[in-house]
Amino acid sequence: AMIAAYARHGDGKDALQLSRKMQQAGITPNRITFVAMLTACLGPPDLAAGRLIHARITQRVFEWDVLVGNAIL
């Protein structure tokens, strides 16, 4: 929820930082978290982060999920 809130308010940097901390703590993102993480990738500077998130999505087979697929677009 916090990642989504950061992303919604245009604070992609904090959203992505929080998602990294979450993963370092061993918390696996679910499909909603992945959507929020993709939403946090606001522009060209976040392209590398978006690619990494996309790679994680394909590893977890969430790319076939409609919600996640729409966020990738």
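Fair warning: this is a prediction, and the values are worked out from it, not measured in the lab.
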If the condition is salt bridge (charged side-chain N to carboxylate O under 4.0 Å, His left out), which residues does R31 pass it with, not counting sequence neighbours?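 R31: salt bridge (charged side-chain N to carboxylate O under 4.0 Å, His left out) contacts with D65.
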Please round to the nearest 0.5 Å and tell me the distance separating atom [atom1] of [X] and atom [atom2] of [Y].
| X | Y | atom1 | atom2 | result |
| --- | --- | --- | --- | --- |
| L18 | I3 | CG | CD1 | 4.5 Å |
| M2 | D14 | CE | CG | 9.0 Å |
| M37 | I32 | CE | CD1 | 13.0 Å |
| H54 | Q59 | NE2 | CD | 11.0 Å |
| S19 | L52 | OG | CG | 10.5 Å |

Compare every heavy atom of A7 with every heavy atom of A15, then report the nearest pair and how far apart it is. CB-N, 4.0 Å
For A5, all residues meeting side chain to side chain contact (heavy atoms under 4.5 Å, CB included), sequence neighbours excluded: none
4.5 Å side-chain heavy-atom contact, T28 and R60: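 Answer yes - side chains close enough.
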Look at the side chain of N30 and the backbone N and O of T33, then say whether any donor-acceptor pair between them is shorter than 3.5 Å. yes
Determine the sole option in L16, T58, V35, D46 for which the side chain to side chain contact (heavy atoms under 4.5 Å, CB included) test with I53 is passed. L16
